[in-house]
There are 2 protein chains.
Amino acid sequence: MAQEEVPSQDPALPATAYAVLGLLSFGQELTGYDLRKWAMNMRYFYWSPAQSQIYLELRRLLQHDLVEVQVEEQKSRPDKRLYRITEAGLKVFREWLDHAPVGPPLLKHSVALRLFFGHQTDHARLREVLTEYRDWAVEQTTGLTELRTELDQRLPYPALVATWGSAYFAAEITAIDAVLADLDRMDREEEAD
Amino acid sequence: MAQEEVPSQDPALPATAYAVLGLLSFGQELTGYDLRKWAMNMRYFYWSPAQSQIYLELRRLLQHDLVEVQVEEQKSRPDKRLYRITEAGLKVFREWLDHAPVGPPLLKHSVALRLFFGHQTDHARLREVLTEYRDWAVEQTTGLTELRTELDQRLPYPALVATWGSAYFAAEITAIDAVLADLDRMDREEEAD
DNA sequence: ACTGCCATGTAACTAGTTACATGATTGG
DNA sequence: CCAATCATGTAACTAGTTACATGGCAGT
């Protein structure tokens, strides 16, 4: 390591670090374990990183003095490490929130990918895959509606995102139904020649 | 390395490898360069990996004999490597298409993430970010409609996905408008106290 | 004259994953 | 009594990124 000259002007953190920082920006002291649970509530629109990744980001943020930790000793189990955002952390987070370039969402839709290659399989199997995805999407809407009622008024912005998420899954369900109908149409057209 | 005993029964390839294999399953011989262009057409629903990653996957697929290559020598520029899917490749691809478990889409929506943390910024900035995203989404629908007319009849399944994609972006635009309206409402409620 | 396309590849890095290890406490 | 939860962390790996290098040829 070189001798420190500048106290890291622009840490250029990965998105996950900002997600962690953002969760801490609500003002509560949280453990890595707590953060993982919160991150799971965000899975509807932001892929939850693995548990080990969260602990890694926390250590990185600590090194940059963007969070501070208070260790609570526990008998015969790992010490509880309560993280809190620092002034510097809040500053960096707000800077990101206000000035980071608006990027497109990163999407890897494996079901859409499989439909794209539909010429290599049959409609029966395609319908199975699509239906399974549809069922999953229905479950997600249920989960989101529950989450939203849980959030409402207390956390207005997360509630807004939950509403958005519901709309997203509703749209997916409608789109799947349209695709399913199109597959039927294709079958009928094939039959009638 | 151990001495080869089994000729790699289950290669367990990453998703990107299947995407490449799938593109080759249309029957054309393609270069890495061609594949990158095709992958860019899929960016609406499946994140385009970096160019270097595509070349890497091709080399891996070659090692597994899932593709074969025909080298065309070029004077004073890199040789053109035309890849073609093999019988084994087609088999592995179909196996994946038919039997891979249906996974949820991987989504990292940085705009939704920023809205989630709206308490740390102001509505003016939030509106800017949302509007910029909205504009981008509008562009995407335009691109997709063009692509769909280009695909229609010739490639029915990609056309289906393109339609789905249009619906997705349309839903995003509607959702953003709803969020924008909600922000207005929040402003009015704040004002009236 | 210059920009963009064709075409491949390497090097160094970062983000992320899965699997493992530990072990008491709480709830049904 | 058994399963889940709490709570952190390491090790080995894979997927993916950016930046660089090369250099002719086609179109405006």
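As a basis for the values below, the full set of heavy atoms in this structure was taken, side chains included, without hydrogen atoms, waters or symmetry mates.
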Show me the donor-acceptor pairs within less than 3.5 Å that the side chains of residues 91-98 of chain B make with the rest of the protein, sequence neighbours left out.
unit_1, atom_1, unit_2, atom_2, d
B/Arg94, NE, A/Gln120, OE1, 2.7
B/Arg94, NH2, A/Gln120, OE1, 3.1
B/Asp98, OD1, A/Thr121, OG1, 2.5

Output a table of donor-acceptor pairs, distance under 3.5 Å, between side-chain atoms of residues 166-176 of chain B and any protein atom two or more places apart or on a different chain; print 'none' if there are none.
unit_1, atom_1, unit_2, atom_2, d
B/Ser166, OG, B/Ala162, O, 3.3
B/Glu172, OE1, B/His109, NE2, 3.0
B/Glu172, OE1, B/Tyr133, OH, 2.5
B/Glu172, OE2, A/Trp164, NE1, 3.0
B/Thr174, OG1, B/Ala170, O, 2.9

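Residues meeting the side chain to side chain donor-acceptor pair (under 3.5 Å) test with B/Arg43, sequence neighbours left out: none. In this view, B/Glu72 satisfies the side chain to side chain donor-acceptor pair (under 3.5 Å) rule with no residue, not counting sequence neighbours. With sequence neighbours left out, the side chain to side chain donor-acceptor pair (under 3.5 Å) criterion links B/His119 to A/Ser25.
The aromatic ring centroids of B/Phe45 and A/Phe116 lie less than 6.0 Å from each other.
Contacts between residues 95-102 of chain A and DNA chain C, defined by a heavy-atom separation under 4.0 Å, are absent. Residues of residues 42-52 of chain A having a heavy atom closer than 4.0 Å to DNA chain D, listed by number: A/Gln51, A/Ser52. Contacts between residues 53-60 of chain A and DNA chain C, counted as heavy-atom distances below 4.0 Å, involve A/Gln53, A/Arg60. Of the residues in residues 24-32 of chain B, those with a non-hydrogen atom less than 4.0 angstrom from any atom of DNA chain C are B/Thr31, B/Gly32.
Whole-Å rounding puts the A/Glu72 CD to C/dA24 C1' distance at 16 Å. Straight-line distance from the CD atom of B/Gln63 to the P atom of D/dT14: 13 Å, rounded to whole Å. For A/Asp79 and C/dG23, the CG to P distance is 14 Å, given to the nearest whole Å.
If you check D/dT8, C/dA15, C/dG9 against the side chain of A/Tyr33, the one that comes closest is D/dT8.
Within the 4.0 Å cut-off from OP1 or OP2 of D/dC6, at least one side-chain nitrogen or oxygen of A/Lys37 is found. Taking 4.0 angstrom as the limit, B/Arg81 places a side-chain polar atom (N or O) nearer than this to OP1 or OP2 of C/dG9. Remark: A/Thr16 is in phosphate contact with C/dG16, judged by side-chain N or O atoms under 4.0 Å from OP1 or OP2.
The shortest side-chain heavy-atom distance between B/Leu30 and B/Leu82 does not fall under the 4.5 Å cut-off.
A salt bridge is defined here as a Lys NZ or Arg NE, NH1 or NH2 lying under 4.0 Å from an Asp or Glu carboxylate O, and B/Glu57 with B/Arg60 meets this definition. Between A/Arg125 and A/Glu128, at least one side-chain N (NZ, or NE/NH1/NH2) sits under 4.0 Å from a carboxylate O, which counts as a salt bridge. Taking 4.0 Å as the cut-off between side-chain N and carboxylate O, B/Asp184 and B/Arg127 count as a salt-bridged pair.
Alongside A/Trp47, the hydrophobic cluster contains A/Leu106, B/Trp47, B/Leu106 (criterion: ILVMFWY side chains under 4.5 Å). Other members of a hydrophobic cluster containing B/Leu56 are absent, since no ILVMFWY side chain comes under 4.5 Å of it, directly or through relayed contacts.
In B/Glu87, the CD atom is not crowded: 12 or fewer heavy atoms of neighbouring residues, nucleotides or ligands sit closer than 6.0 Å. Atom CD of B/Glu189 has more than 12 neighbouring heavy atoms from other residues, nucleotides or ligands inside a 6.0 Å radius.
Note that CG of B/Asp135 and CG of B/Leu130 are 11.0 Å apart. Values are rounded to the nearest 0.5 Å. Within the model, atoms OG of A/Ser110 and OH of B/Tyr18 stand 12.5 Å from one another, a figure rounded to the nearest 0.5 Å.
Bending across the helix from C/dA1-D/dT28 to C/dG28-D/dC1, expressed as the angle between its end axes from five pairs apiece, amounts to 60° (10° rounding).
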